[in-house]
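For reference, the structure discussed in these notes is given below.
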Amino acid sequence: MTSRNKNLDVLGNPRNFLEEIIEDDIKSGKHDGRVLTRFPPEPNGYLHIGHAKSICLNFGLALKYGGKTNLRFDDTNPTKEDVEYVDSIKEDVRWLGFEWDQELYASDYFEQLYLWADKLIEMDLAYVDDQTHEEIRLNRGTVTQPGKESPFRNRSLNENLDLFRRMRTGEFPDGSRVLRAKIDMGHPNMLMRDPILYRIIHAHHHRTGDNWCIYPMYDYAHGQSDSIEQITHSICTLEFDVHRPLYDWFIEKLEIFPSHQYEFARLNMTYTVMSKRKLLQLVQEKMVMGWDDPRMPTICGLRRRGYTPEAIRFFADKVGVAKRDNVIDLSLLEFCLREDLNKRAERRMAVLKPLKVIITNYPEGQSELLEAINNPEDELAGKRNIPFSRELFIEQDDFMENPPKKFFRLAPGQEVRLRYAYFIKCNEVVKDHQGNVIELHCTYDPASKGGTSPDGRKVQGTIHWVSAQHAAKAEIRLFDRLFSNEDPDDVPEGADWKDFVNPNSLIVTQGYLEPSLAQAKPLDKFQFERLGYFSVDYDSTPQRLVFNRTATLKDTWAKIAGQ
RNA sequence: UGACCUAUGGUGUAAUGGCAGCACAGCAGAUUUUGGUUCUGUUAGUCUAGGUUCGAGUCCUGGUAGGUCAACCA
């Protein structure tokens, strides 16, 4: 049966539009079939899941077509940038599993960019403008009205050259003059109305120090940087689409390597803010623990939460690439995570809300080790032994005094299996003065050791447990979504996006774990049966274990109980 | 109301003039020592009006809706 989808790559997967472009370019011999992409972050914040999509795209495309990818820092604005961000970006890209060809900085090109600006002046394609910030803004016009030409637009070549040189040598204060391209103040595309090329900023740059006091604007630096590196496919997000004519204009006038820009739709996700500005605000106003707060959509936050690079790469692949605006359902990210974790996370038993169970017919002071499978999805994960004794903890949710019909867990008179241990039956419910259940007295069936009864008797439910006397204790952090509304960027009139920060997004509790967990190492991942996937936090030590809940399990019981 | 971009189930993404498919989510069932996993089945879609064509999700025209652009940010 032949596939109806004829647009397939060599592996039989459908191609996205960028893959089509690249394959066509290779076929037509453009750039001698060479593929060189770049990932160009500005070091002014931490990378987030949206950047992960771009990283996977740029590196993935190069990998697929035998090309390479440069990591280039777009560091043209010293007032916003910092080495802290450079370091974190490099760490995150590596962690995601990608290796860049060259590590470069737009600031490496400042001298070349300056020379090209000189050249544009000589070609009568650039001029120094003395208008104030406000005048420039006003004279740019609006989207429906053309702009007005600057009175300084027709300065002499020599005056422009002289002024631009003196801008560089630091003769003028910040904001006093700019260098602009001479294009068309009436252009329907606002970006073509004599865009600013250079502005004066007397600030210390994290790499060039105090060598410069004029800095190129994004539009002037980006395309030329691509060109210098001979980038074949410069892939960016949709909002740069209107910049492309300007990108091409510089390349054409300067007669330099013809890099080409392609745009794709950036990633949006439900219950998530992706704006660096807002994420920075969350950090600065201490609404989260930091950039790596496990609730943050940053790469380091996801890592700390317990996400794996594989899951994120899988996600980037699943969301696809297109040009239409999109909002990805958070459940897709969660699916991708569980898909990976289910295969790799060893199972353990842990109790978060303990309820004491006393096995009245189990000898006092006795204990034994019971064998448990580490991961039913992976035979190689082996087995372990868990201590069992007379006093246990089970989950409070696993007991109901007056159970509804489809409740398969422990209830008075009802028999359940303690996973990998024994069948037990509840005989007595002990309550405190308020009537809260505080203890259960049960009997076990010694013949059901391991969890099966020789008489073939079946039980409906299997619950997890831990021996009270042997249990390790740990701080457990449960996370809910950071925002309580689906689209935190779309707030109602009079409201602020911060109103939707979920006050219950972090719950800290104590857990009782099976003893083997006391030796867990930072970032180790486990599935606590029925409770979800958990990852050991960074600052964990054997003395102070902290587990972050990485993901919940699909819970069909919640639906049954809700009815 | 200028230029540009976009429009396929609830969500995302394919179909390159020829049977509208896949994934997530949902629903139903089977298996299960995790109400997990796995497996099976299933609900649901081409923004609109014209045109071209034997044939249009696809090409053309108009409309509608959404997005981007008026930082000396990137």
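Remember, predicted model here, so these are calculated numbers, not experimental data. Chain letters run A, B, ... following the sequence lines, proteins first, then strands; residues in each count from 1.
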Quiz item: Does the side chain of A/Lys554 get closer than 4.0 angstrom to OP1 or OP2 of B/A25 through an N or O atom?
Solution: yes

Quiz item: Is RNA chain B part of any stem, that is, at least 3 consecutive Watson-Crick or G-U pairs with both distances under 3.5 Å, and where?
Solution: B:2-7 with B:64-69, B:10-13 with B:21-24, B:26-30 with B:38-42, B:47-51 with B:59-63

Quiz item: If you measure from OG on A/Ser467 to CD on A/Glu368, what distance do you get to the nearest 0.5 Å?
Solution: 10.5 Å

Quiz item: What distance, rounded to whole Å, do you find between the two P atoms, one in B/U58 and one in B/A44?
Solution: 23 Å

Self-check item: Toward the 5' end of RNA chain B, by each residue's nearest nucleotide, A/Arg530 or A/Asp241
Solution: A/Asp241

Exercise. Would you mind classifying the nucleic acid contact of A/Gln527 as base, sugar-phosphate or nothing, using non-hydrogen atoms under 4.0 angstrom?
Key: base

Quiz item: In a check of ring pair (Phe, Tyr, Trp, His ring centres under 6.0 Å) between A/Tyr215 and each of A/Tyr198, A/Tyr114, A/Tyr220, A/Phe110, which one passes?
Solution: A/Phe110

Self-check item: P-based separation of B/G17 from B/C27 [nearest Å]
Solution: 40 Å

Self-check item: A/Met349 CE - B/G36 P separation (whole Å)
Solution: 18 Å

Quiz item: What integer distance in Å separates A/Leu246:CG from B/C4:P?
Solution: 17 Å

Quiz item: A/Leu238 has an atom CG; how far is it from atom C1' of B/U6, in whole Å?
Solution: 8 Å

Quiz item: According to a strict under-4.0 Å criterion, is A/Arg324 in side-chain N/O contact with OP1 or OP2 of B/U8?
Solution: yes

Practice problem: Would you classify B/A44 as syn or anti? Syn applies when the glycosidic angle is within 90° of 0. | Solution: anti

Practice problem: For each nucleotide in nucleotides 69-74 of chain B, reading 5' to 3', give B when a protein heavy atom comes within less than 4.0 Å of its base, S when such contact involves only the sugar-phosphate, and - otherwise. | Solution: BBSBSB

Quiz item: Taking the side chain of A/Glu529 as its heavy atoms from C-beta onward, which of B/U1, B/G12, B/U34 lies nearest to it?
Solution: B/U34

Exercise. Give one of base, sugar-phosphate or nothing for A/Tyr422, where a contact means two heavy atoms less than 4.0 Å apart.
Key: nothing

Exercise. Scan A/Val327 against the nucleic acid and name what it touches under 4.0 Å (heavy atoms): base, sugar-phosphate only, or nothing.
Key: sugar-phosphate

Quiz prompt | Distance, P atom - from B/G26 to B/G67, rounded to whole angstrom | solution = 29 Å

Exercise. Figure out the CZ/P separation between A/Phe17 and B/U6, and round it to whole Å.
Key: 9 Å

Quiz item: What distance, rounded to whole Å, do you find between the two C1' atoms, one in B/G21 and one in B/U46?
Solution: 13 Å

Quiz prompt | Side-chain (A/Asn70) to main-chain (A/Arg72) donor-acceptor, under 3.5 angstrom | solution = no

Quiz item: Do side-chain atoms of A/His51 reach the backbone of A/His48 as a donor and acceptor pair under 3.5 angstrom?
Solution: yes

Quiz item: Taking the C1' atom of each, how far is B/U52 from B/C59, in whole Å?
Solution: 8 Å

Quiz item: Given atom CG of A/Leu330 and atom P of B/A25, what is their separation to the nearest angstrom?
Solution: 12 Å

Quiz prompt | cation_pi(A/Arg348, A/Phe528) dist<6.0 Å, angle<=45 | solution = no

Exercise. Just call it for A/Phe335: base, sugar-phosphate, or nothing, with non-hydrogen atoms closer than 4.0 Å on any strand.
Key: sugar-phosphate

Self-check item: Nearest to side-chain heavy atoms of A/Ala322, which nucleotide of B/A14, B/U38, B/G35
Solution: B/A14

Quiz item: Looking at the rings of A/Phe408 and A/Trp557, which for Trp means the six-membered one, are their centres under 6.0 Å apart?
Solution: no

Quiz item: Just how far, in rounded Å, is C1' of B/A25 from CZ of A/Arg338?
Solution: 11 Å

Exercise. Report yes or no: is the cationic atom of A/Arg417 (NZ for Lys, CZ for Arg) under 6.0 Å from the centre of the six-membered ring of A/Phe423, at an angle within 45° of the ring normal?
Key: no

Quiz item: Under 6.0 Å from the six-membered ring centre of A/Trp465 and within 45° of its axis: does the NZ or CZ of A/Arg419 meet both?
Solution: no

Quiz item: Does A/Arg155 count as lying over the ring of A/Tyr127, i.e. NZ or CZ under 6.0 Å from the six-ring centre, within 45 degrees of the axis?
Solution: no

Exercise. In whole angstrom, give me the gap between the P atoms of B/C47 and B/U11.
Key: 13 Å

Exercise. Using the C1' atoms only, state how far B/A20 lies from B/G45, rounded to an integer number of Å.
Key: 9 Å

Practice problem: Using whole Å, report how far CE of A/Met269 lies from C1' of B/C24. | Solution: 13 Å

Quiz item: Looking across every strand, which nucleic acid part, if any, lies under 4.0 Å from A/Arg193 by heavy atom: base, sugar-phosphate, or nothing?
Solution: nothing

Quiz item: In whole Å, what separates the P atom of B/A7 from that of B/U61?
Solution: 15 Å

Quiz prompt | Main-chain N/O of A/Ala221 paired to A/Ser225 side chain as donor or acceptor, under 3.5 Å | solution = yes

Quiz prompt | Under 3.5 Å: donor-acceptor pair, side chain of A/Arg199, backbone of A/Asp174 | solution = no

Quiz item: A/Val327 pairs by side-chain contact (heavy atoms from CB on, under 4.5 Å) with which of A/Asp487, A/Thr270, A/Asp489, A/Leu267?
Solution: A/Thr270

Self-check item: Atom-to-atom span, OH of A/Tyr420 to P of B/U32 - whole angstrom
Solution: 15 Å

Quiz item: Do A/Glu263 and A/Lys323 meet the salt-bridge criterion of a basic N to acidic O distance under 4.0 Å?
Solution: yes

Self-check item: Whichever of A/Gly320 and A/Leu332 has its nearest RNA chain B nucleotide further upstream toward 5'
Solution: A/Gly320

Quiz item: Between A/Arg530 and A/Asp398, is there a side-chain N and carboxylate O pair less than 4.0 Å apart?
Solution: yes

Self-check item: Contacting residues from residues 373-386 of chain A, given that a heavy atom lies under 4.0 angstrom of RNA chain B
Solution: A/Pro376, A/Glu377

